[in-house]
Amino acid sequence: MQIDAVDQRIIASLVADARASYAEIGARVSLSAPAVKRRVDRLRSAGVIRGFTAVVDPAAVGWTTEAFIELFCTGRTTPTQIAVATRRHPEVVGAYTVSGEADALVHLRAADIAHLEQALERLRAEPFVTSTRSMIVLSRLVDAPTAIAPSGAEWTGTPTATRASNPP
């Protein structure tokens, strides 16, 4: 799917405020509300926009501790096995296969260090995990919903990190 500069500006508007009306977005991108709706519908059906969500501050709901855990797995562990296993743990907010020594990187959030330790022990108990290496987050330096092209930049149809604000 080709994404033009207007689509990119619509996406940027929705990332900034997913509750904005089609008319408000249209005013920003010089289109009518129905034209914006058609474009949003097309972006949704193509899978570019996967949904709309509330962004909640984890600390405000009691999840004040977070860590990144490197998982080292047995030889034939597949990404699907890792994904299925990590989804069983409510503290897991992200899981990624990575290059380097570790097989996967898991992002955990917990209420406190004791809760984090319990979650880590449960994760370590997965049958394919041979060892872990943990890094506790001291402070969040950058926390943005997604990488988007800066205002006025031409969208090339290729995702690139063009802002210094990406989620941890």
> Got a donor-acceptor contact below 3.5 angstrom from the Thr77 side chain to the Cys73 backbone?
no

> Rounded at 0.5 Å granularity, tell me how far OG in Ser32 sits from NZ in Lys37.
12.0 Å

> Looking only at non-hydrogen atoms, find the nearest pair between Ile11 and Val48 and report the distance.
CD1-CG1, 3.8 Å

> Quick one: OG1 on Thr130 to CZ on Arg124, what's the gap to the nearest 0.5 Å?
11.5 Å

> Which atom names give the shortest non-hydrogen contact between Ala111 and Thr64, and what distance separates them?
O-OG1, 2.8 Å

> Say you draw a straight line from CD of Gln118 to NE2 of His89; how long is it, rounded to the nearest 0.5 Å?
13.0 Å

> What I want to find out is whether Asp4 reaches Arg39 closely enough, with some N-O distance under 4.0 Å, to be called a salt bridge.
yes

> Among residues at least two apart in sequence or on other chains, which ones pass salt bridge (Lys or Arg N to Asp or Glu O under 4.0 Å) with Arg44?
none

> For the residue pair Asp7 and Gln2, what are the closest heavy atoms and their distance?
OD2-O, 3.9 Å

> State, to 0.1 Å, how close Ser30 and Arg9 come at their nearest heavy-atom pair, and which atoms those are.
N-NH2, 4.4 Å

> Is the closest basic N to carboxylate O distance between Arg38 and Asp41 below 4.0 Å?
no

> Applying the 4.5 Å side-chain criterion to the ILVMFWY set and letting contacts propagate, would Val106 and Phe72 be lumped into a single cluster?
no

> Closest approach of Gln81 and Arg76, non-hydrogen atoms and distance?
OE1-O, 3.5 Å

> Taking atom CD of Glu117 as the centre, report whether more than 12 heavy atoms of other residues, nucleotides or ligands fall under 6.0 Å from it.
no

> Just wondering, do Ile25 and Val40 contact through their side chains at under 4.5 Å, heavy atoms?
no

> Around atom CD of Glu121, are there more than 12 heavy atoms of other residues, nucleotides or ligands at under 6.0 Å?
yes

> So does Ala95 get a backbone contact from the side chain of Thr86, meaning a donor-acceptor N/O pair under 3.5 Å?
no

> Could you give the distance from OG1 (Thr97) to CG (Leu71), rounded to the nearest 0.5 Å?
11.0 Å

> Please report the shortest heavy-atom distance between Arg109 and Trp63, naming the atom on each side.
O-CZ3, 2.7 Å

